[in-house]
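One structure is given here, and the rest of the page talks about it.
Everything quoted here is computed from the prediction, not taken from an experiment. All values below were derived from every heavy atom in this structure, side-chain atoms included, with hydrogens, water molecules and symmetry-related copies excluded. Heads up: numbering here begins at 1 and tracks the sequence.
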Amino acid sequence: MGVPSVCIGNFSWDFIYAEYIMEAGYHHRSIVWQIAEDYSHCDILLRLPGYGPMPAFRNVIDVPLVVRGFRKSRSEVRKELGIEENAKVLIFNFGGQPAGWKLKQEWLPDGWICLVCGASDSQDVPPNFIKLAKDAYTPDVMAASDCMLGKIGYGTASEVLACKLPLVFVRRDYFNEEPFLRNLLEYYQNSIEMIRSDFLAGHWKPYLLRALTLQPCYNGPIIGGEVVAQILQDTAVGKKCVSDKSSGARRLQDAMVSGYVLQRAPGRDAGIPDWYSLSKTETETGAGPTSKNVATKESAASSRCIEDFEILHGDLQGLTDTIEFLKSLSELSGNDLKSSKKQRLERTAASVLFDWETEIYVARAPGRLDVMGGIADYSGSLVLQMPLREACHVAVQRSHPSKQKLWEHTKARQLENAGLVPVVQIVSFGSDLSNRAPTFNMDLTDFMDGGKPISYEKARELFCQDPSQKWAAYVAGTILVLMTELGAQFTDSISILVSSAVPEGKGVSSSASVEVSTMSAIAAAYGLNIIPRDLALLCQKVENHVVGAPCGVMDQMASACGEANKLLAMVCQPAEVKELVGIPTHIRFWGLDSGIRHSVGGGDYGSVRVGTYMGRKMIKCAASDLVSESLTSGPPVQSDCYKENGMGVLKSEAALEYLCNLPPHRYEAVYAKDIPEVISGEAFSEKYGDHDDTVTVIDPKRSYSVKAPTRHPIYENFRVEAFKTLLAAGNTDEQLSALGELMYQCHNSYSACGLGSDGTDRLVNLVREMQHMKTSEGGSPSLFGAKITGGGSGGTVCVIGKNCARSSEEIAEIQRRYKAETGYLPILFDGSSPGAGKFGYLKIRRRCP
């Protein structure tokens, strides 16, 4: 491994402060940094407080103290430990005591209590000493104490300064950093030294009482962990040029990623950062600009954004698309006349949308790649979803109606209303890509009826009046749902700008990304604290009830709760995140667009859902009949235990809420033979009544496929469970072959339901042919499986393969073959990014010129 071009402090060991920096509040950049032993090779010294001039370094950057954040209050910690508020408390953190040395009760002043860190299970302590648990969070305990006894170290020094906690220290021999740290502590009146002989003899009282008279006075910043992590990451991705050698940043990237890997432990994942995997892919495949060019462009764009906007809350997180969105905001006042006419209309409308002297809230939500689970979500299945690199950004600003910047036609409507009425004005970039209007506006009073929010049905009718503006239901519908479900009141006007890089009609949840990002931005602007899971459920209501699309919740959950480079494992009953599954480093997923438009509002998707709920109702009725028969005539001669358990199984099936809770073997053994292939809506309603689905309606004149839609979620749930388990298996072709086979089975099941398409079938066959060709040639295949995704009937195919350059070459070959056969070059979805919950929101304000 090459030597990175950054050094921290004056430290000479190899790995420092990984956990410390991570605990300091930078969890998503928890990195181990390898430090150069020969400092003359370093370009930057990150100088921590307390260190004097170091002329050997070419560039010195002063950074604040690195301090871990607090999790509990002083009173909470004391209550948990059973310590009264007025008691004097000493925290004792001192390793390396002589053998046989024991703590004694008389060493403390009367009434004092000492909290002992790191005591062994076998160590006995006096009654006025308390052994802390091994996993006790030290910063919280320090904040709950009155003084500390220990040795000087950077972590100890920084945190006692932050807490204004007097430190009684014993000198550390041969510790090079001690002079710097002593000076730092003494300057801020934060420490006194205890003679080693007094420490060992237990003459502690005079020092402890003296410590209480100190008046620590450090009031400086304590965000060094964030600053150091950001500097290192900026250096790694090329935002900060530290030398003329382009390989320096690459070596730092490698060192940082090695740190991620070193942190792996059972039950603790260490995902590789997205910026590293993306730059590595571009280098290996040659399919894009060089990392140097990307870094240069990203650095310039980032600089412009920082110059134009003051970020009052949130973090760009190194996301290039967010930087580009802020760039587009900064350019609105200039209105680029070189763009097409439609784009000029969008930009002209957007340029007068915001008051640049007032705060703007920005949220981001990605699309998703359906790896496994698909249409089984509304039947309660386990699903595995990966958030995509492509995302939707939404900017929101609220303002008093008297100060709202209005378009001319909106002003005219306000004059007709003879009063100031709060309005919502929406601009959607990208309207030129589809047949829709670029802007939408309405009075917020249109959402009210007699002091209450209008019904979802009336709202759906409102948005359907003009087909070119039906898209606004995904955006403005979030306001109505917040009013209806949370009782939120919107007396201010709202300006909304939507800019989505998630292509529509590709089966990658473009609608969910719009809903989630819009609701996240509005919630931030109005101070609504909504956790990601609840936000996803609210956004599902937007799509189900305002838009009128009968989708499940997995799309919104993946967009809201997903994390970069991980599969969101969620049980849709109704929406419980089971875990975030790390994608093994040898496995990679791609999405290939078939070019055939997909829509969950289409007829095929809705009819399959109706058939699924019909099948569930038939199974419940059959189970109820079996329960009744058993109660009247009794089953064949069986043991009492079997009768009791068998009756329990039938009763649970008679009350079946989610079809996926029925195991495949029970379905095949008891119910499959009685589920018809097809049934008319009229015949079903006469025999069974309603199908008990709140978002679809049975058409009595239509025939519905029932057997395949009923079978699909039952077996799909089993396939997803098996897929998740297999992901943890070893790195073998057998593992990948089994995963690929499960995807092929899922694809065939979609087709049986009537949700296939020529384009998606063609792509899956191309993957299968590529796999077979490599195997027949005696080689090892790189691609192992593929399946249609999401709602089906077109859209995108998910492909699984090895994470290597050859796989990328074969994906490119499949794109070329598909274009030769159809004339359409598939869009490639490759890469991942954080969900809306991880991103949070940005609060920005344009800087004065």
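Between the side chain of N544 and the main chain of A549, a donor-acceptor pair closer than 3.5 Å is present. The closest donor-acceptor contact from the side chain of S685 to the backbone of E682 lies at 3.5 Å or more, if one exists at all. In this structure, the side chain of K787 does not engage the main chain of V764 through any donor-acceptor pair within 3.5 Å. The main-chain N or O of R702 is never found under 3.5 Å from a side-chain atom of S680 such that the two would form a donor-acceptor pair. Between the R389 side chain and the D830 main chain, a donor and an acceptor come within less than 3.5 Å of each other. A donor-acceptor pair is defined here as one N or O able to donate and one able to accept, closer than 3.5 Å; such a pair exists between the side chain of T725 and the backbone of E721. Side-chain atoms of S776 come within 3.5 Å of backbone N or O of M773 as a donor-acceptor pair. The backbone N or O of G562 lies less than 3.5 Å from no partner atom in the side chain of K838, so there is not a single donor-acceptor pair. Checking side-chain atoms of Q815 against main-chain N and O of P826 turns up a donor-acceptor pair under 3.5 Å. T796 places no side-chain N or O within 3.5 Å of a backbone atom of G507 that could act as its donor or acceptor partner.
Residue R762 is tested with D758, N765, T760 for a side-chain hydrogen bond (donor to acceptor under 3.5 Å, both in side chains); the sole match is D758. Just one residue in the list S500, C539, P387 forms a side-chain contact (heavy atoms from CB on, under 4.5 Å) with S513, and that residue is S500.
Taking every heavy atom of both residues into account, F429 and E346 meet most closely at CA-OE1, 3.4 Å. Across L828 and W590, no two heavy atoms sit closer than the pair CD1-CD1, 3.9 Å. Counting all heavy atoms, side chain and backbone alike, G380 lies closest to Q573 at O-NE2, 2.9 Å. What you find for G785 and V767 is that their closest heavy atoms are O-CG1, 3.9 Å. Nearest heavy-atom pair across I675 and G615 is CD1-O, 4.2 Å. Of all heavy-atom pairs between D555 and S509, the closest is CG-OG, 3.0 Å.
Residue E579 qualifies as enclosed at atom CD: its count of foreign heavy atoms under 6.0 Å is above 12. Enclosure of atom CD in E668 by more than 12 non-hydrogen atoms of other residues, nucleotides or ligands within 6.0 angstrom is indicated. Within 6.0 Å of NZ on K470 lie no more than 12 heavy atoms contributed by other residues, nucleotides or ligands. No more than 12 heavy-atom neighbours from other residues, nucleotides or ligands sit within 6.0 angstrom of NE2 on H772.
Not counting sequence neighbours, K541 has no partner by the salt bridge (Lys or Arg N to Asp or Glu O under 4.0 Å) test. Under the rule for a side chain to side chain donor-acceptor pair (under 3.5 Å), R616 has no partner lying at least two apart in sequence or in another chain.
Atom CG of N565 sits about 6.0 Å away from atom CD1 of I583, to the nearest 0.5 Å. If you take CG on N717 and CG on L659, they are separated by 9.5 Å, rounding to the nearest 0.5 Å. The CZ atom of R533 sits 4.0 Å away from atom CD of E576, with the distance rounded to the nearest 0.5 Å. Interatomic distance, R588 CZ to S782 OG, rounded to the nearest 0.5 Å: 11.5 Å. Here the CZ atom belonging to R364 is positioned 3.5 Å from the OG atom belonging to S833, to the nearest 0.5 angstrom. In this structure, OH on Y750 lies 7.0 Å from CD on E716, to the nearest 0.5 angstrom.
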| query | Would Q735 and L739 count as a side chain to side chain contact (heavy atoms under 4.5 Å, CB included) if you check the C-alpha gap in whole Å, the side-chain angles of each, and the deciding distance to 0.1 Å? | reply | CA-CA 6 Å; Q735 177 209 24; L739 292 168; 4.1 Å; yes
| query | Going through the checks in order, is the side chain to side chain contact (heavy atoms under 4.5 Å, CB included) test met by I426 and W471? | reply | CA-CA 11 Å; I426 306 169; W471 61 270; 3.8 Å; yes
| task | List the steps and the verdict of side chain to side chain contact (heavy atoms under 4.5 Å, CB included) for L742 and L726. | result | CA-CA 10 Å; L742 290 171; L726 279 168; 3.9 Å; yes
| Worked verdict on E813 versus R816 for salt bridge (Lys or Arg N to Asp or Glu O under 4.0 Å) | CA-CA 5 Å; E813 175 62 22; R816 287 191 290 270; 2.9 Å; yes
| query | So R719 and S749, side chain to side chain contact (heavy atoms under 4.5 Å, CB included) or not? Walk me through it. | reply | CA-CA 11 Å; R719 285 189 289 262; S749 187; 3.6 Å; yes
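A salt bridge (charged side-chain N to carboxylate O under 4.0 Å, His left out) check over residues 797-808, counting only residues at least two apart or in different chains, returns the pairs D733-K802.
Within the 4.5 Å cutoff, side-chain heavy atoms of V371 are placed close to those of F723. With contacts defined as side-chain heavy-atom distances shorter than 4.5 Å, the pair M554/R368 qualifies. You'll find the side chain of L535 reaches within 4.5 Å of the side chain of S520, heavy atoms only. Considering only heavy atoms from C-beta on, L783 comes within 4.5 Å of S807 through its side chain. Using a 4.5 Å heavy-atom threshold, the side chains of V577 and L568 count as touching. With contacts defined as side-chain heavy-atom distances shorter than 4.5 Å, the pair P713/S381 does not qualify. Residues V610 and D693 form no side-chain contact, since every pair of their non-hydrogen atoms from C-beta on lies 4.5 Å or further apart. The closest side-chain heavy-atom distance from V581 to L727 is below 4.5 Å.
For the pair R711 and Y715, the distance from NZ or CZ to the six-membered ring centre is under 6.0 Å and the angle to the ring normal is within 45 degrees. Because its NZ or CZ atom is both nearer than 6.0 Å to the ring centre of Y378 and within 45° of the ring axis, R609 counts as a cation-pi partner of that residue.
H393 and S328 share no donor-acceptor pair across their side chains, judged by distance under 3.5 Å alone. Judged purely by distance below 3.5 Å, without hydrogens or angles, the side chains of E543 and S511 pair a donor atom with an acceptor atom. Under 3.5 Å, the side chains of Q465 and E461 contain no donor-acceptor pair of N or O atoms.
Ring orientation note: the planes of Y818 and Y824 are nearly perpendicular, at an angle over 60° on the 30°/60° scale.
Residues F440 and F463 bring their aromatic ring centres within 6.0 Å.
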